[in-house]
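Below you'll find the structure, written out as structure tokens, and then a few comments.
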Amino acid sequence: MREQTAATRARAILARHNLHPKKALGQNFLLARGVTEKIVAAAGIAPGDVVVEIGPGLGVLTRALAEAGARVLAVELDRTLLPVLEETLQGLAGVELLHADALQLDYAAVLRERHLAPPFKVVANLPYYITSPLIAKFLENEPRPAVMVLMMQKEVAERLVAAPGTKDYGALSVLVQFYTEPRVVCRVAPGNFFPPPKVHSAVVRLNLRDRPVEVADAAAFFRLVRAAFSQRRKMLPKALEAAGLGLAKQQWAALAETAGIDPARRGETLTLDEFARLADAWAELQHGEELL
């Protein structure tokens, strides 16, 4: 009954502004208070925390964050939703609406202009089509958020926490686990949104590691990882040769052995530490060739 009432309120708010959810923008607005409470708790929100919220929608999660004491920078791409948010968040202190593309925004500049020093947190009910690129943007650039608590499609959540050798393990798993310790907080049924999506969702917490995995060259590490997963059914040396990284299959086999890795293995079975050892062996070989 509570969810039906929330959906009725959402329809009424949108109707007052002559709006409908935009499928192209992945607008499935989170309504359930119980879910927002779990998100706020998972993020460990305390008074004074700086939180970047991506896609505030109708402001349900935004309000919960602000009421917990956070300074919220809510980034919304859809200009037509700004009047809706001004209505739903009226009288609420500590919230600033930013009309911007979350994938293009310079978050370091946003914080600097407001004299807000890291650490900061990211909390979002993400449009599913930007989940992977947005995670990559935050993790590949400084300053990185101390914590990210993100609602996403359940299948993507499973990829983030996947272990080596499983069907869900891939380049995104390695990127996330390189920088963070991910865990699934809860799963969320479609009925908690308006309109209900056609897929189930999950909330994931990404806790920034004190130190990322140690590698000599992070850029080389991720090039190698992407190459290894580009043809994941092939044995590692053949997949890396096919990716055009400059070495023949026999050279990759030799490097794998140098790194203590059986060349007959596939890339999808390698742990982060094994990828790091192989990347370091590759970097050392390239450095040696430069000295010749």
Side-chain angles (χ1 to χ4, degrees), residues 103 129-142 144 148 150 152-184 202 204 206-292:
L103 291 175
Y129 71 97
I130 71 167
T131 300
S132 297
L134 192 74
I135 290 173
K137 179 178 177 67
F138 277 114
L139 294 183
E140 291 174 349
N141 295 280
E142 295 280 0
R144 297 183 183 92
M148 301 173 71
L150 308 173
M152 63 188 67
Q153 187 172 338
K154 179 176 68 70
E155 288 76 10
V156 178
E158 290 168 351
R159 288 167 57 195
L160 302 193
V161 300
T166 63
K167 66 179 179 62
D168 293 319
Y169 187 65
L172 182 62
S173 316
V174 174
L175 170 67
V176 167
Q177 294 172 30
F178 183 89
Y179 288 111
T180 76
E181 296 172 343
R183 69 175 177 88
V184 175
V204 178
L206 308 180
N207 200 53
L208 192 69
R209 291 179 182 269
D210 291 335
R211 296 179 64 184
V213 175
E214 291 189 14
V215 292
D217 185 336
F221 172 89
F222 285 114
R223 282 185 66 199
L224 187 146
V225 168
R226 288 191 293 270
F229 284 106
S230 64
Q231 301 186 53
R232 59 187 298 147
R233 302 310 300 168
K234 291 184 178 179
M235 287 188 290
L236 188 62
K238 190 170 183 180
L240 295 176
E241 179 188 47
L245 296 183
L247 298 181
K249 182 174 65 174
Q250 294 80 3
Q251 292 173 294
W252 281 116
L255 276 183
E257 290 180 345
T258 298
I261 300 166
D262 183 352
R265 290 172 61 187
R266 297 185 177 96
E268 63 185 11
T269 69
L270 267 62
T271 66
L272 268 69
D273 286 339
E274 287 173 327
F275 272 123
R277 294 204 305 269
L278 183 57
D280 284 350
W282 181 35
E284 185 175 344
L285 175 65
Q286 290 177 308
H287 182 65
E289 290 175 346
E290 289 172 358
L291 296 178
L292 295 178

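Every value quoted in this text rests on a predicted model; they were computed, and no experiment measured them.
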By side-chain contact (heavy atoms from CB on, under 4.5 Å), Arg233 pairs with (sequence neighbours left out) Arg266, Glu268

Do the non-hydrogen side-chain atoms of Glu257 and Pro263 ever get within less than 4.5 Å of each other? yes

All side-chain contact (heavy atoms from CB on, under 4.5 Å) counterparts of Val176, not counting sequence neighbours: Ile135, Leu139, Leu160, Leu172, Thr180, Pro182, Leu206

Does Phe275 have its ring centroid less than 6.0 Å away from the ring centroid of Phe178? no

List the atom of Val215, the atom of Phe221, and the distance in Å for their closest heavy-atom pair. CG1-CD1, 3.6 Å

Salt bridge (charged side-chain N to carboxylate O under 4.0 Å, His left out) against Arg226, all qualifying residues, sequence neighbours excluded: none

Shortest non-hydrogen contact from Val184 to Ala202? CG1-CB, 4.4 Å

Give a yes or no answer on whether the side chain of Asn207 reaches the backbone of Glu181 with a donor-acceptor pair at less than 3.5 Å. no

Only counting residues at least two apart or in another chain, list the ones meeting salt bridge (charged side-chain N to carboxylate O under 4.0 Å, His left out) with Arg144. Glu142

Under the criterion side chain to side chain contact (heavy atoms under 4.5 Å, CB included), I'd like the reasoning laid out for Thr131 against Gln153: C-alpha separation, chi angles, the key distance, then a yes or no. CA-CA 9 Å; Thr131 300; Gln153 187 172 338; over 6 Å; no

Please lay out, stage by stage, how Leu236 and Trp252 fare under the test side chain to side chain contact (heavy atoms under 4.5 Å, CB included). CA-CA 8 Å; Leu236 188 62; Trp252 281 116; over 6 Å; no

Got a donor-acceptor contact below 3.5 angstrom from the Gln177 side chain to the Thr271 backbone? no

Ignoring hydrogens, what is the shortest heavy-atom contact between Leu150 and Met152? Give both atom names and the distance. CB-CE, 3.6 Å

Checking the side chain of Ser173 only, and the main-chain atoms of Arg159 only, is there a donor and an acceptor separated by less than 3.5 Å? yes

Rounded to the nearest 0.5 Å, how far apart are CG of Asp217 and CD of Glu284? 13.0 Å

Return all side-chain donor-acceptor pairs below 3.5 angstrom for residues 238-249, not counting sequence neighbours, or 'none' if the list is empty.
residue, atom, partner, partner atom, Å
Glu241, OE2, Lys249, N, 3.2

Give the C-alpha distance, both sets of side-chain angles, the deciding distance and a yes or no for side chain to side chain contact (heavy atoms under 4.5 Å, CB included) between Arg223 and Trp282. CA-CA 11 Å; Arg223 282 185 66 199; Trp282 181 35; 4.0 Å; yes

Looking only at heavy atoms, the pair that brings Ser230 and Ala227 closest together is OG-O, 2.7 Å

Would Tyr169 and Val174 satisfy side chain to side chain contact (heavy atoms under 4.5 Å, CB included), going step by step from the backbone distance to the final call? CA-CA 8 Å; Tyr169 187 65; Val174 174; 3.5 Å; yes

Taken to the nearest 0.5 Å, the spacing of Leu270 CG from Leu278 CG works out to 7.0 Å

For Lys154, all residues meeting salt bridge (charged side-chain N to carboxylate O under 4.0 Å, His left out), sequence neighbours excluded: Glu158

Nearest 0.5 Å please: distance from the CG atom of Asp273 over to the CD atom of Glu214. 9.5 Å

So CG of Asp280 and CG of Leu285: to nearest 0.5 Å the spacing works out to 12.5 Å

